[in-house]
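Positions are given from 1, in the same order as the sequence printed here.
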Amino acid sequence: MTTTIGARIKSLREQRKLSQEDLAEQFGFKDRQTLSTIETGDRKVAADELLRAAKIFGVSIDYFTDPFLLAGEGQFSWRQTGVDGNRLRGYEESAGRLIAAFRTLAHQTGHKPPLMRPALSLSRQSSFDNASAAGERFADEFGVGDVPARRLADVMAEKLGILVLMVDPIEGVSGAACRLPELDVVLINRNEITGRRHFDLAHELFHILTWEKMPPEYIEEVMPKKRSRVEQLADNFASAVLMPGDVLNRFGDWGSLTEEKLTDRLNEVADELLVTSQALRWRLVGMGRLSREQSDAISDASLRNNGRTKPGKPELPPLFSKPFVQIVATALDEGQTSMRRIASILGLAIDDFADLFVSHGVEAPYEL
């Protein structure tokens with residue numbers, strides 16, 4: 001709690017653009033060093049100092065002490081299109097509550113975060129071929145299988161300790177990556193079409209694995225006029241993870257196919273690999289398995305929705321994820337939280353919980 005309070009005081013100070021000297025003076029400290037030790041968690045905050053902090057910043061005491069709140073402890077990178085800043089910040093607070101709930105309940109139920117964080121040996125100076133090669137190696141070394149998109153979320157959770165959450169966000173948000181001192185999180189809009197959803201997942205994985213060397217932008221446009229180098233590297237990595245060469249080998253040669261047969265093959269293979277036809281097309285071009293001339297001869301319209309006239313309603317993955325729901329179930333069973341409180345944080349009616357547990361194959365706690 002000491003560390004949490006200090007981090008939240010620091011976050012508010014930085015939001016208000018106050019120096020440590022300015023805030024230390026408002027607290028009545030003799031020097032900024034006292035405030036510095038509070039912000040780093042090396043010194044406890046006395047009760048009267050906590051009251052003073054709430055008064056200075058105009059917030060409630062709960063802001064500093066509520067464990068089901070993420071305030072100043074997480075860095076987000078949002079993948080979105082045309083979302084108003086205030087709406088995004090409002091949704092970020094809601095998403096932060098989900099993440100904080102997992103972090104708190106996981107700790108209370110004895111679940112330990114990963115001891116070490118994996119990272120890719122890539123930098124901004126890396127080539128796109130380097131990023132693709134890293135994606136190929138990831139697919140191979142972590143055993144994502146013949147249809148990588150189907151296994152990727154489980155691999156991220158089981159082998160890397162990344163919390164993956166399938167959510168129903170505000171309109172315009174495709175997903176996000178979030179980094180906490182002790183936890184990495186990826187949020188994905190489960191309402192996106194299947195291929196887009198999987199690409200977003202692999203794209204955000206890149207940001208998690210390169211956060212130290214290439215911190216992503218706070219807001220990333222899904223369809224920008226010009227992509228930054230980091231985002232292009234992320235796209236190359238994601239394409240290779242979802243469509244590694246060994247997997248594509250089983251579909252034979254593409255060089256002899258023309259027009260309608262090529263379009264049909266792209267749509268069929270994309271469906272099988274759970275990606276978009278456009279993503280498959282550009283992956284094959286990048287690998288030299290499809291020529292520019294072949295690619296230019298294909299109309300974008302023929303690949304839209306993987307060749308379907310009307311996009312089918314996507315088959316939604318269950319809300320949140322199995323590791324998340326397991327922690328919630330254990331916490332409820334052990335009495336670490338109440339059904340009413342967790343229902344409020346998750347934005348669900350209490351009657352919806354039985355279906356949530358069933359959807360993930362998790363045994364319901366005694367309360368249900």
Side-chain angles (χ1 to χ4, degrees), residues 3-4 6-8 10-11 13-15 36 39-42 70-80 88 92 95-96 98-100 102-103 106-107 111-142 144 152-153 155-165 174-188 199-222 224 227-242 323:
T3 302
T4 299
R8 293 179 182 183
K10 180 181 179 181
S11 175
R13 176 179 64 78
E14 291 176 344
Q15 287 177 34
S36 178
E39 291 186 349
T40 57
D42 294 325
L70 210 61
E73 303 131 289
Q75 297 171 278
F76 281 89
S77 173
W78 291 98
R79 191 167 167 82
Q80 56 82 54
L88 185 59
E92 183 175 305
L98 293 176
I99 297 168
F102 178 85
R103 176 190 61 182
H107 175 72
H111 176 84
K112 295 182 180 179
L115 182 62
M116 295 183 294
R117 276 188 162 118
L120 293 175
S121 56
L122 296 173
S123 68
R124 293 175 188 273
Q125 287 70 47
S126 298
S127 69
F128 298 142
D129 285 344
N130 291 152
S132 295
E136 292 266 2
R137 283 191 61 185
F138 182 94
D140 178 52
E141 293 180 14
F142 286 93
V144 293
L152 183 58
V155 167
M156 290 166 63
E158 296 166 7
K159 297 187 178 183
L160 301 179
I162 298 170
L163 176 63
V164 177
L165 293 176
S174 295
C178 178
R179 168 153 285 205
L180 277 69
E182 73 284 23
L183 179 66
D184 290 315
V185 186
V186 170
L187 297 100
I188 297 295
F199 195 87
D200 287 346
L201 182 65
H203 183 100
E204 299 303 341
L205 171 62
F206 176 88
H207 287 318
I208 293 293
L209 296 177
T210 59
W211 201 290
E212 295 300 326
K213 290 185 179 179
M214 293 180 274
E217 296 291 332
Y218 173 62
I219 294 179
E220 174 198 342
E221 290 287 341
V222 175
R227 299 190 71 73
S228 72
R229 182 168 186 81
V230 173
E231 296 309 320
Q232 291 181 71
L233 290 168
D235 286 346
N236 278 267
F237 173 82
S239 293
V241 168
L242 297 173

Trainee: Examine distances only and state if a side-chain atom of Arg124 and a backbone atom of Arg229 form a donor-acceptor pair shorter than 3.5 Å.
Mentor: no
Trainee: Under 4.0 Å between a side-chain nitrogen and a carboxylate oxygen: does that hold for Lys159 and Glu141?
Mentor: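 Result for this pair is no, no salt bridge flagged.
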Trainee: Does Phe237 form a side chain to side chain contact (heavy atoms under 4.5 Å, CB included) with Thr210? I'd like the steps, not just the answer.
Mentor: CA-CA 11 Å; Phe237 173 82; Thr210 59; over 6 Å; no
Trainee: So how far is it from Leu120 CG to Ser126 OG, rounded to the nearest 0.5 Å?
Mentor: 9.5 Å
Trainee: Enter the distance from Ile99:CD1 to Glu92:CD here, rounded to the nearest 0.5 Å.
Mentor: 8.5 Å
Trainee: To the closest 0.5 Å, what do you measure between CD (Gln75) and CH2 (Trp211)?
Mentor: 6.0 Å
Trainee: Atom CD of Glu221 and atom CZ of Arg227: how far apart are they, to the nearest 0.5 Å?
Mentor: 10.0 Å
Trainee: Within the structure provided, determine whether Glu14 and Glu39 are in side-chain contact (heavy-atom separation under 4.5 Å).
Mentor: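 No - every pair of side-chain heavy atoms lies 4.5 Å or more apart.
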Trainee: Should Asp235 and Phe128 count as side-chain neighbours, where that means a heavy-atom distance under 4.5 Å?
Mentor: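 Heavy-atom side-chain distance check fails, nothing below 4.5 Å.
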Trainee: Can you establish whether the number of heavy atoms outside Gln15 located under 6.0 Å from its atom CD is more than 12?
Mentor: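 Enclosed: over 12 neighbouring heavy atoms sit under 6.0 Å from CD of Gln15.
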Trainee: Say whether Glu220 and Gln80, considering side chains only, have a donor N or O and an acceptor N or O under 3.5 Å apart.
Mentor: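 No, because no side-chain N or O of Glu220 sits under 3.5 Å from a partner of the opposite role on Gln80.
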Trainee: So Phe102 and Leu165, do their side chains get closer than 4.5 Å, heavy atoms only?
Mentor: no
Trainee: Between Leu160 and Pro118, is there a side-chain heavy-atom distance shorter than 4.5 Å?
Mentor: yes
Trainee: Which heavy atom of Cys178 sits nearest to which heavy atom of Ile208, and what is that distance?
Mentor: O-CD1, 3.9 Å
Trainee: Could you state the interatomic distance from CE (Met156) to CG (Asp184), rounded to the nearest 0.5 Å?
Mentor: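 These two atoms lie 9.0 Å from each other.
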Trainee: With a 4.5 Å limit on heavy-atom distance, are the side chains of Glu231 and His207 in contact?
Mentor: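 Side chain of Glu231 against side chain of His207, heavy atoms only: contact under 4.5 Å found.
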Trainee: Testing the basics here: between Ser174 and Asp200, what is the closest heavy-atom pair and its distance to 0.1 Å?
Mentor: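 Scanning both residues, the minimum pair turns out to be CB-OD2, 3.3 Å.
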Trainee: Listed by chain and number, what are the ring-ring contact (aromatic ring centres under 6.0 Å, His included) partners of Phe138, not counting sequence neighbours?
Mentor: Phe142
Trainee: Identify the heavy atoms of Ala238 and Ala202 that sit nearest to each other, and give their distance.
Mentor: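 Answer, listing the atom of Ala238 first, then Ala202: CB-CB, 3.5 Å.
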Trainee: Can you name the closest pair of heavy atoms from Arg117 and Pro181 and give their distance?
Mentor: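 For Arg117 versus Pro181, the nearest heavy atoms are NH1-O, 3.2 Å.
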Trainee: Over all heavy atoms of both residues, which pair between Trp78 and Ala95 is shortest? Give the atoms and the distance, please.
Mentor: CH2-CB, 4.2 Å
Trainee: Would you compute the distance between atom CG of Leu233 and atom OG of Ser228 and round it to the nearest 0.5 angstrom?
Mentor: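 If I round to the nearest 0.5 Å, the distance is 8.5 Å.
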Trainee: Taking all non-hydrogen atoms of both residues, which atom of Ser123 and which atom of Met214 are closest, and how far apart?
Mentor: C-SD, 3.6 Å
Trainee: Please walk me through it: do Glu182 and His107 pass side chain to side chain contact (heavy atoms under 4.5 Å, CB included)?
Mentor: CA-CA 11 Å; Glu182 73 284 23; His107 175 72; over 6 Å; no
Trainee: Compare all side-chain heavy atoms of Val186 with those of Leu201 and state whether any distance is below 4.5 angstrom.
Mentor: yes
Trainee: Heavy atoms, side chains only, cut-off 4.5 Å: are Leu70 and Leu180 in contact?
Mentor: yes
Trainee: Going by the rule salt bridge (Lys or Arg N to Asp or Glu O under 4.0 Å), which residues pair with Glu136 if we only count those two or more places apart in sequence or in a different chain?
Mentor: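 By the salt bridge (Lys or Arg N to Asp or Glu O under 4.0 Å) rule, Glu136 matches Arg283.
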Trainee: Any side-chain donor-acceptor pair under 3.5 Å between Ser239 and Asn236?
Mentor: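 Asn236 and Ser239 do not have a side-chain donor-acceptor pair below 3.5 Å.
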